[in-house]
Amino acid sequence: MAKAFGSFSKPQGGSIWRNSAYLQWGLSTQTIGACLLLNPGAATLKRGQDQIGEGELELDETMKQLVTLVEELYSGKNNLSGRFHIYNLFALRLSDSHAAIAAFGGQDCGDYTFSIPEQELRKQLAQTPWILLGYGCTLNRKLKNAVEKWKDLIDEMCIPILGKQGAKAGTYHHPLPRLQANREKYRNDIVAQY
């Protein structure tokens with residue numbers, strides 16, 4: 001079974017930010033895939049740990065869906081071992097996506113920066129065999145700029161993209177559809193793309 005790890009900080013105004021996260025199978029540090037989502041949602045460190053810093057995460061519903069998806073993609077591989085990195089357009093932990101987008105839109109983000117140092121991000125992406133895009137179908141102007149910067153980097157590094165495109169150009173459905181009945185269909189669509 002996969003475990004999740006990440007790091008949190010509280011840089012300003014009482015808001016909690018998740019700066020990094022990954023799912024881990026076995027002991028290998030090799031990257032087996034990645035995804036780009038909107039923001040960390042309701043992510044938390046496991047109970048009993050200081051909620052600021054690094055440690056093991058509670059698996060939220062999105063992470064559980066990603067675990068199932070990755071295990072389906074690698075179902076023919078014995079002893080799956082490696083890391084699946086979870087990247088976000090921005091690091092603010094907030095489960096209401098509309099409120100998160102509004103909060104991001106209210107910040108001065110003319111010069112968008114990745115939530116982890118770009119040199120470290122490039123090192124991770126250089127090992128990434130594919131990336132799942134799932135940051136949602138509602139983007140304001142500033143989020144579109146963030147998406148463009150990510151897509152430029154993904155294209156530059158020649159990483160194959162998976163994801164279910166939204167009706168608006170450049171948007172991708174989140175990997176955890178609201179309706180339980182649609183979750184398996186989403187996974188089946190991504191497995192077929194893979």
Side-chain angles (χ1 to χ4, degrees), residues 4-7 9 11 17-25 28-41 43 54 62-63 65-67 69-70 72-74 77 80-93 97 100-101 103-105 107-176 186-187 189-194:
F5 297 91
S7 66
S9 64
W17 298 71
R18 187 182 74 198
N19 304 307
S20 65
Y22 62 90
L23 299 170
Q24 177 74 50
W25 285 263
S28 175
T29 59
Q30 178 183 352
T31 301
I32 58 174
C35 66
L36 176 60
L37 306 179
L38 181 67
N39 72 308
E54 296 182 25
T62 298
M63 289 179 183
Q65 172 81 336
L66 291 170
V67 165
L69 174 62
V70 170
E72 288 175 358
L73 290 173
Y74 291 105
K77 184 173 180 168
L80 178 60
S81 187
R83 289 184 179 174
F84 180 86
H85 290 276
I86 302 171
Y87 301 113
N88 295 105
L89 291 180
F90 60 101
L92 175 64
R93 186 183 72 181
S97 63
I101 289 169
F104 183 80
Q107 297 173 11
D108 180 17
C109 347
D111 294 324
Y112 175 79
T113 56
F114 301 108
S115 59
I116 63 175
E118 189 168 344
Q119 185 176 2
E120 181 181 336
L121 177 60
R122 285 178 173 277
K123 184 178 174 183
Q124 290 174 4
L125 290 176
Q127 303 173 30
T128 302
W130 54 272
I131 189 165
L132 174 72
L133 300 184
Y135 43 76
C137 296
T138 304
L139 299 176
N140 62 22
R141 180 183 51 81
K142 290 182 179 179
L143 281 174
K144 285 180 183 176
N145 292 338
V147 166
E148 286 176 19
K149 188 161 183 182
W150 267 99
K151 286 188 128 182
D152 288 347
L153 182 58
I154 291 166
D155 289 346
E156 177 188 328
M157 306 211 58
C158 301
I159 302 168
I161 293 173
L162 300 176
K164 184 175 178 184
Q165 290 189 305
K168 293 180 184 174
T171 62
Y172 284 84
H173 290 276
H174 190 274
L176 187 71
Y186 178 91
R187 292 194 314 268
D189 290 345
I190 300 305
V191 168
Q193 283 182 31
Y194 180 76

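It should be emphasised that the depicted structure is a prediction, and the values quoted were computed from it without experimental measurement.
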key: Backbone N/O of L162 and side chain of Q193: donor-acceptor pair under 3.5 Å   = no

task = Output the distance between atom CD1 (I32) and atom CG (L23), rounded to the nearest 0.5 Å.
result = 8.0 Å

query = Between G134 and P175, which heavy-atom pair has the shortest distance, and what is it?
reply = O-CD, 3.7 Å

Side chain proximity check, S28 to R83, heavy atoms < 4.5 angstrom = no

note = Sorted by chain and residue number, the side chain to side chain donor-acceptor pair (under 3.5 Å) partners of Q165 (sequence neighbours excluded) come out as Y172

task = Give the C-alpha distance, both sets of side-chain angles, the deciding distance and a yes or no for side chain to side chain contact (heavy atoms under 4.5 Å, CB included) between V67 and W25.
result = CA-CA 9 Å; V67 165; W25 285 263; 4.0 Å; yes

query = Any side-chain heavy atom of E72 sitting closer than 4.5 Å to one from I190?
reply = no

task = Supply the atom-to-atom distance C35 SG to Y135 OH, rounded to the nearest 0.5 angstrom.
result = 12.5 Å

inquiry  = I'd like to check W130 versus L73 (side-chain heavy atoms, cut-off strictly below 4.5 Å). Are they in contact?
reply    = yes

ask   = Is the closest side-chain heavy-atom distance between L38 and T138 below 4.5 Å?
value = no

ask   = Does F114 reach the side chain of E120, with side-chain heavy atoms less than 4.5 Å apart?
value = no

query = How many angstroms lie between NE2 in H85 and CD1 in I116, if you round to the nearest 0.5 Å?
reply = 8.0 Å

message = So L36 and L89, do their side chains get closer than 4.5 Å, heavy atoms only?
response = yes

request  = Report yes or no: is the cationic atom of K164 (NZ for Lys, CZ for Arg) closer than 6.0 Å to the six-membered ring centre of Y186, at no more than 45° off its axis?
outcome  = no

query = Which distance, rounded to the nearest 0.5 Å, do you find between the NZ of K151 and the CG of L133?
reply = 6.0 Å

message = As an exercise, state the distance from CG of N19 to CD of E54, rounded to the nearest 0.5 Å.
response = 9.0 Å

inquiry  = Do R18 and I86 make a side-chain contact, defined as non-hydrogen atoms from C-beta onward lying under 4.5 Å apart?
reply    = yes

ask   = Is the backbone of S81 close enough, under 3.5 Å, to the side chain of Q30 for a donor and an acceptor to pair up by distance?
value = no

task = Decide, yes or no, whether a salt bridge links E148 with K144 under the criterion of side-chain N to carboxylate O below 4.0 Å.
result = no

request  = Could you grab the distance from atom CE of M63 to atom CG of L69, nearest 0.5 Å is fine?
outcome  = 14.5 Å

ask   = So, for K168 and T171, which heavy atoms are closest and what is the spacing to 0.1 Å?
value = O-OG1, 2.6 Å

key: Shortest non-hydrogen contact between P160 and C158, atoms and distance   = CD-O, 3.5 Å

query = Do S20 and S7 meet the criterion of a side-chain donor-acceptor pair at a distance under 3.5 Å?
reply = yes

query = Hey, would you say the Y87 and W150 ring centroids sit under 6.0 Å apart?
reply = yes

Closest approach of G33 to T128 (non-hydrogen atoms, all atoms of both residues) = C-CG2, 4.3 Å

inquiry  = Any heavy-atom pair between the side chains of E156 and R122 that's under 4.5 Å?
reply    = yes

ask   = Within a reach of under 6.0 Å around NZ of K123, are more than 12 heavy atoms found that belong to other residues, nucleotides or ligands?
value = no

key: Closest contact, heavy atoms only, T31 versus P129   = O-CD, 3.5 Å

